[in-house]
Amino acid sequence: MSIFCSGTMPSGIYCLNKGKVKIHIYGSIKEHIIRFVMPGHLFGLGTIFTNHFYCCATAIEDSTVCKINKEDFLSILNGYPNLSLELMTVLGQHVEYSNNKIISIAEKSVRERLAEGLLSVYNTFYDEFPVSNADISDKAITLSREDIANFINTSTESVIRTLSELKNEGYIIIKGRSIFLKNIKGLMKIAGINVESMTY
DNA sequence: GCATTAACATGCC
DNA sequence: GGCATGTTAATGC
């Protein structure tokens, strides 16, 4: 269900209380997912400065969202300078995240992007890096294959094909739609990342 | 409707 | 030609 979309006028910022939201843009050919939002996080923040939506936010599972009026939010920021700093930090992280994503799309193969995407999504969903020395993560990644494809900028079929490869090679376990990360270190090696350099 | 698979097409080394 | 990836169609859940 759409929460907001480009072309409309923003009147506030949003906070996700429950559920899962994707931030995405419709290109001329397909949809591109910028990032996912998990409960406790704000989204639509950029509109504070740009005054327009450059992207869409859509709930991908049952979600509850609260909206903070723009004027209210700005007056809160005025009262708490540290909050402004926090806001800039978050926005800066979003820029870094997106820039890294551009590099990945430009330089990495589907296999590399999928490994990276799974680690990144895990990180977003559970607010922590998958423990690299654990045998298997008990926390599932549950997304449609299409959303995964649009997140790592490839086709649904390539996602399925490559997930199947990673499964057969013992990197992940697939149960229905759920994906469990098994060989974290291996996935990091495929993705070409390490814990220190990973941003999210 | 979504996931999966296979067959085929295309572009790149 | 071989490889990676995308497209299309068929099939199953």
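Reminder, nothing fancy here: chain letters follow the sequence lines and each chain counts from 1.
- Here Phe36(A) pairs with Phe151(A) under the ring-ring contact (aromatic ring centres under 6.0 Å, His included) rule; sequence neighbours left out.
- A heavy atom closer than 4.0 Å to some atom of DNA chain C occurs in no member of residues 144-153 of chain A.
- Side-chain contacts under 4.5 Å among hydrophobic residues (ILVMFWY), followed directly or transitively, place Met88(A) together with Leu85(A).
- Taking Ile34(A) as the reference, Ile23(A), Ile25(A), Ser98(A) meet the side-chain contact (heavy atoms from CB on, under 4.5 Å) condition, with sequence neighbours excluded.
- Atom CG in Asn168(A) sits roughly 12 Å away from atom P in dT4(B) (whole-Å rounding).
- Under 4.0 Å is where a charged nitrogen must lie from a carboxylate oxygen, and between Glu61(A) and Lys18(A) no such pair does.
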Per-nucleotide protein contact string for nucleotides 5-13 of chain B (B base, S sugar-phosphate only, - none; heavy atom under 4.0 Å): B-B------
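- Not one side-chain nitrogen or oxygen of Arg177(A) sits closer than 4.0 Å to the OP1 or OP2 atom of dC2(B).
- In this view, Lys189(A) satisfies the side-chain contact (heavy atoms from CB on, under 4.5 Å) rule with no residue, not counting sequence neighbours.
- Scanning for side-chain contact (heavy atoms from CB on, under 4.5 Å) contacts around Ser84(A) gives Leu77(A), with sequence neighbours left out.
- Taking Ser6(A) as the reference, Cys56(A) meet the side-chain contact (heavy atoms from CB on, under 4.5 Å) condition, with sequence neighbours excluded.
- With sequence neighbours excluded, no residue satisfies salt bridge (Lys or Arg N to Asp or Glu O under 4.0 Å) with Glu157(A).
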